[in-house]
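Have a look at the structure below, then the notes.
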Amino acid sequence: MAPSSPLQTPPSAVVIVLFLLFSTALLCESRLSLDYYSKTCPSFTKIMQDTITNKQITSPTTAAGALRLFFHDCLPNGCDGSILISSTAFNKAERDADINLSLPGDPFDLIVRAKTALELACPNTVSCSDILAVATRDLVTMLGGPYYNVYLGRKDSRVSSASSLEGKLPKPTMSMSQLINLFSSSGFTVQEMVALSGAHTIGFSHCKEFSSNISNDTHYNPRFAQALKQACSGYPNNPTLSVFNDIMTPNKFDNLYYQNLPKGLGLLESDHGLYGDPRTKPFVELYARDQNKFFQDFAKAMQKLSVYGIKTGRRGEIRHRCDAVN
């Protein structure tokens with residue numbers, strides 16, 4: 001058998017070279033950075049800050065709504081702005097899934113306002129998913145929460161389907177094992193789950209999410225349970241009735257949510273579960289006594305969540321409108 005010519009490259013070597021070239025191109029294409037828009041949209045930061053500040057001042061519940069909207073966008077299928085897309089006659093989008101019907105309108109309005117301003121300044125440059133990620137961080141900080149870096153360069157999803165959310169978002173009626181498994185399936189530890197649950201230090205929950213448990217759940221403080229019954233007495237006729245998740249400091253991002261749980265002042269069944277389960281209780285106690293530790297771990301978990309399942313390069317697009325596919 002004749003020896004191979006020194007000028008011939010073994011097929012395996014060609015494959016390796018092509019793989020390395022492809023990997024390098026993919027890496028360059030998908031790299032995120034803190035100053036991603038510094039050249040392509042120098043006014044990005046100012047436009048975001050102005051829009052966020054104006055919206056939060058006029059609608060103080062925007063911060064909690066944006067945090068929840070961000071979570072509902074990222075955890076199921078990655079931070080790709082798919083939660084923002086409106087349904088059509090041919091497709092029921094994520095935002096119209098049953099679990100998302102209670103998402104408030106203010107954060108959606110905020111994203112539309114920011115996108116409109118950015119399109120005027122820098123057309124077809126800033127993704128909706130980046131807008132949502134930055135808005136969420138800045139709003140948390142405005143309410144006294146921790147600052148964390150948001151790396152930019154995400155692309156937006158081209159699809160949004162309500163059916164894709166099945167079993168991918170936590171429900172207040174889930175057992176602690178179900179919640180732990182849900183977060184674990186997306187790569188989050190028990191401690192990260194407890195830290196992210198601290199988002200309940202702001203915002204509110206609708207009465208329909210917990211009213212049926214008030215009489216059956218012995219973890220409620222009796223006086224708190226009685227007050228909840230009164231506050232939610234008319235919810236069958238008025239489904240918009242709601243109660244603050246943290247009744248002590250509802251508009252401040254702090255660690256009182258965790259301090260409330262041992263006192264029976266948790267609102268949802270899942271809140272009580274955090275303190276009642278030995279896998280999560282130590283972290284509740286840690287964050288209840290050490291706000292700095294809570295802030296540190298919440299910031300790390302949010303930064304991790306903000307890059308979960310993101311789309312970059314050709315896997316996504318820059319939508320001209322956040323509520324519609326191009």
Side-chain angles (χ1 to χ4, degrees), residues 26 29-30 32 64-116 118-119 124 126-136 150 152-174 178-188 193 196 199 203 205-206 208-209 239 270 302 304-326:
L26 189 63
E29 187 178 61
S30 63
L32 304 184
L67 185 52
R68 188 167 173 231
L69 180 63
F70 175 74
F71 186 81
H72 279 230
D73 181 48
C74 292
L75 190 61
N77 302 306
C79 301
D80 59 4
S82 54
I83 188 70
L84 304 170
I85 297 174
S86 298
S87 296
T88 67
F90 309 101
N91 177 62
K92 183 177 180 181
E94 290 178 25
R95 66 191 293 174
D96 288 321
D98 289 346
I99 198 168
N100 285 333
L101 292 178
S102 60
L103 290 173
D106 282 325
F108 287 99
D109 178 63
L110 168 63
I111 303 305
V112 169
R113 292 186 186 194
K115 179 64 171 175
T116 301
L118 287 165
E119 281 297 304
N124 199 33
V126 181
S127 68
C128 302
S129 45
D130 274 351
I131 293 172
L132 178 56
V134 170
T136 301
V150 174
L152 302 170
R154 298 165 190 76
K155 294 294 178 66
D156 299 323
S157 175
R158 299 183 179 93
V159 296
S160 178
S161 172
S163 60
S164 69
L165 303 184
E166 189 61 37
K168 294 182 180 180
L169 281 169
K171 298 178 181 179
T173 55
M174 283 182 171
Q178 289 175 313
L179 290 171
I180 289 173
N181 290 337
L182 188 151
F183 277 84
S184 176
S185 66
S186 297
F188 291 88
M193 182 192 77
L196 289 171
S205 294
H206 290 92
K208 65 179 180 180
E209 295 180 301
S270 55
M302 283 294 288
K304 177 177 176 178
L305 178 62
S306 72
V307 294
Y308 172 68
I310 59 171
K311 291 176 172 57
T312 54
R314 299 182 185 87
R315 296 195 302 129
E317 65 181 7
I318 304 293
R319 294 206 296 267
H320 300 305
R321 284 178 44 185
C322 291
D323 61 349
V325 179
N326 294 338

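Predicted model only: the values in this text are computed from it and were never measured.
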Practice prompt. Just jot down the ring-ring contact (aromatic ring centres under 6.0 Å, His included) partners of H320, sequence neighbours excluded, or say none.
Written response: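 Partners of H320 under the ring-ring contact (aromatic ring centres under 6.0 Å, His included) test: none.
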So how far is it from [X] [atom1] to [Y] [atom2], rounded to the nearest 0.5 Å?
| X | Y | atom1 | atom2 | answer |
| --- | --- | --- | --- | --- |
| R321 | I111 | CZ | CD1 | 14.5 Å |
| C128 | L118 | SG | CG | 9.5 Å |
| D73 | S129 | CG | OG | 7.5 Å |
| M174 | S270 | CE | OG | 10.0 Å |
| F71 | I83 | CZ | CD1 | 12.0 Å |
| L84 | C322 | CG | SG | 5.5 Å |

Under 3.5 Å: donor-acceptor pair, side chain of [X], backbone of [Y]:
| X | Y | result |
| --- | --- | --- |
| R158 | R319 | no |
| D130 | L152 | no |
| S87 | A93 | yes |
| N326 | I318 | yes |
| N77 | G309 | no |
| E317 | K155 | no |

Could you pull out all residues at least two apart from [X] that satisfy side chain to side chain donor-acceptor pair (under 3.5 Å)?
| X | value |
| --- | --- |
| S205 | N245 |
| T173 | none |
| K311 | D80 |
| K208 | none |

Taking only residues two or more places apart in sequence, or in another chain, which ones meet [X] in a salt bridge (charged side-chain N to carboxylate O under 4.0 Å, His left out)?
| X | result |
| --- | --- |
| E209 | none |
| D96 | none |
| K304 | E192 |
| R68 | none |

Looking only at non-hydrogen atoms, find the nearest pair between [X] and [Y] and report the distance.
| X | Y | answer |
| --- | --- | --- |
| G65 | P104 | CA-CG, 3.7 Å |
| D156 | S127 | OD1-CB, 3.5 Å |
| P239 | H206 | O-CD2, 3.5 Å |
| I99 | H72 | O-CE1, 3.8 Å |
| L75 | P170 | CD2-CD, 3.9 Å |
| G167 | L182 | O-CD1, 3.6 Å |

Worksheet item: According to the interplanar angle, ranging from 0 to 90°, do the rings of F188 and Y308 count as parallel (below 30°), tilted (30 to 60°) or perpendicular (above 60°)?
Response: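 It falls in the perpendicular class, over 60°.
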side-chain contact (heavy atoms from CB on, under 4.5 Å) involving [X] - partner list, sequence neighbours excluded:
| X | value |
| --- | --- |
| N181 | none |
| S86 | R95, D323 |
| A133 | F70, V150, R154 |

Worksheet item: Looking at side-chain heavy atoms only, is the closest gap between L69 and T136 below 4.5 Å?
Response: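 No, too far: nothing below the 4.5 Å cut-off.
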Fill in: Validation row: I85, N91 side chains within 4.5 angstrom (heavy atoms)
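Heavy-atom side-chain distance check fails, nothing below 4.5 Å.
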Worksheet item: So does K171 have more than 12 non-hydrogen atoms from other groups sitting under 6.0 Å from NZ?
Response: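 No, the 6.0 Å shell around NZ holds no more than 12 heavy atoms from other groups.
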